[in-house]
Protein chains: 2
Amino acid sequence: MSISLGKGRPRKADRGIPDATVARLPVYHRVLVSLSEAGVQTVSSEALAAKCGVSSAKFRKDLSYLGSYGTRGVGYDVSYLTYHISRELGSAQPWGVVIVGVGNLGRALISYRGFTSRGFAIVGLVDNHPDVICESLTATELGNLVALKVRPLVELETIVGATKAQIGVIATPADCAQGVCDRLVSAGIRSILNFAPVVLEVPNGVEVRKVDLAVELQILAFHEQRRG
Amino acid sequence: MSISLGKGRPRKADRGIPDATVARLPVYHRVLVSLSEAGVQTVSSEALAAKCGVSSAKFRKDLSYLGSYGTRGVGYDVSYLTYHISRELGSAQPWGVVIVGVGNLGRALISYRGFTSRGFAIVGLVDNHPDVICESLTATELGNLVALKVRPLVELETIVGATKAQIGVIATPADCAQGVCDRLVSAGIRSILNFAPVVLEVPNGVEVRKVDLAVELQILAFHEQRRG
DNA sequence: TCAACTTTGTGAAGTAGGGAACTAATGCCT
DNA sequence: AGGCATTAGTTCCCTACTTCACAAAGTTGA
């Protein structure tokens, strides 16, 4: 036992990272990467937390759920910490993403460079509109430019099966979102990111995250209204 | 005093609606609107909460912060409740929104019908790329189709001043987001919705909400990894 | 009019998250 | 080598949110 020479004990309670912490880990990861690109090798919790927009206490407590990857009196080794956060997030292995709905939003996702740089590969594009089916779009998959053809909606299950995609993105209009969701689930997808403004019903074991652009604006408007 | 015949006392503690509640009000509002369109006139907290994906107790507690708009033994009058939630959210008055960055994401926002149907009007489009400046795009402003020309970035302050926009949306690449943010703030904007993957620094009194598409995917990937 | 039933609104208990302060480990300087 | 300065990791407390359970209020039917 006790191979702990200095740093890097495994991590403590392998389960039980609070949701709030998980939601912040990607931010920490991104800021660390940008520090690394700037040539910074070591950073304190104080400095890093400031760049992430959180308090240093919160930052340190968040990290304590993963393990003990810093050095007291010094701070954190940027690349070492980056590695451990990315491992925790699963960015080490590439995740296959199928995007359903190739309208403006879908295209924005396809051209979003942040996807591929964080371990995601778009492996399928699906739409049901004749004008876009068979259209060829270029995405960057793990750094390489890849041309993807938009496939018709009927092939959804085939594509999910063939590409072994793990994540489905719903970027369709609201009225077909639930139908698409059901088919993604029955094709084996258990993680769904939903941009359509509807509450999706899914069986247990399937996780849905929702991004609603109008909801965010409405929250801003609420606070805006609460000032003279 | 006491004009309270039956229903509709003002609301209780005019301050102090929890953030978590505010974040759910837009969902309640949207589901109520869809019920109304389906011809439903009355709904119980149980049924409505189910459609919103929350527990009925949470739903009732959320509403209790606004006031007492239901009828015991019966439920809620759909249009009556819709009105009060929308008033609380400020959807009654139209909010002017300026979108900075007319790439794929900006275009997705412009064509997103959910904006205008919930009291938002896109009053300005700004970009700094010569190819898109002066391009004319059609948005729906309060139900009417409106053609908006993309204006150059240097005119940002002028546009905010002339249109009296209250909300700024940053849909630019990461590297110019902070600069755009600073200019929005100095032009008088106090509510910002940020799609760029950076943590914005703003003075006190300015509210920033952030939507990061990659972060959402990373959260999904985290949970996906936590299953063999 | 009264009793049975439905459903809201709320008080109280339980849980999770945030903030500050403390402890302990490490590097640096003398 | 030893003390000092720095900074990570942890503990404790407090606030905010959620859940539960019940009483108040209203409707319906006899």
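A note on names: the letters A, B, ... follow the listed sequences, proteins ahead of strands, and every chain is numbered from 1.
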(request) Can you check whether any acceptor in the base of dG19(C) is under 3.5 Å from a donor in the side chain of K61(A), or vice versa? (result) yes
(message) Should the side chain of R72(A) and the base of dT7(D) be counted as holding a donor-acceptor pair, with the cut-off at 3.5 Å?
(response) no
(request) Let me know, please, whether V74(B) or D62(A) comes out on the 5' side of the other along DNA chain C by nearest nucleotide. (result) V74(B)
(request) Nearest-nucleotide wise, let me know which of R60(A) and L63(B) is further upstream toward the 5' end of DNA chain C. (result) L63(B)
(request) Give the C-alpha distance, both sets of side-chain angles, the deciding distance and a yes or no for side chain to side chain contact (heavy atoms under 4.5 Å, CB included) between V199(A) and K51(B). (result) CA-CA 7 Å; V199(A) 179; K51(B) 282 190 183 295; over 6 Å; no
(message) Quick check on dG26(D): is either OP1 or OP2 less than 4.0 Å from any side-chain nitrogen or oxygen of Y76(B)?
(response) no
(request) Check whether any side-chain nitrogen or oxygen of S45(A) sits under 4.0 Å from OP1 or OP2 of dA8(D), and answer yes or no. (result) yes
(message) Are L217(A) and R118(B) packed together at the side-chain level, in the sense that at least one heavy-atom pair is separated by less than 4.5 angstrom?
(response) no
(message) Counting only side-chain heavy atoms from C-beta out, which of dG18(C), dT26(C), dT18(D) sits nearest to A20(B)?
(response) dT18(D)
(request) Test R227(A) against every option in Q225(A), E224(A), H223(A) by the side chain to side chain donor-acceptor pair (under 3.5 Å) rule and name the one that passes. (result) E224(A)
(request) Pick base, sugar-phosphate or nothing for S56(B), based on heavy-atom distances below 4.0 Å to the nucleic acid. (result) nothing
(request) Calculate, to the nearest 0.5 Å, the distance between atoms CD and CZ belonging to E157(B) and R183(B) respectively. (result) 4.0 Å
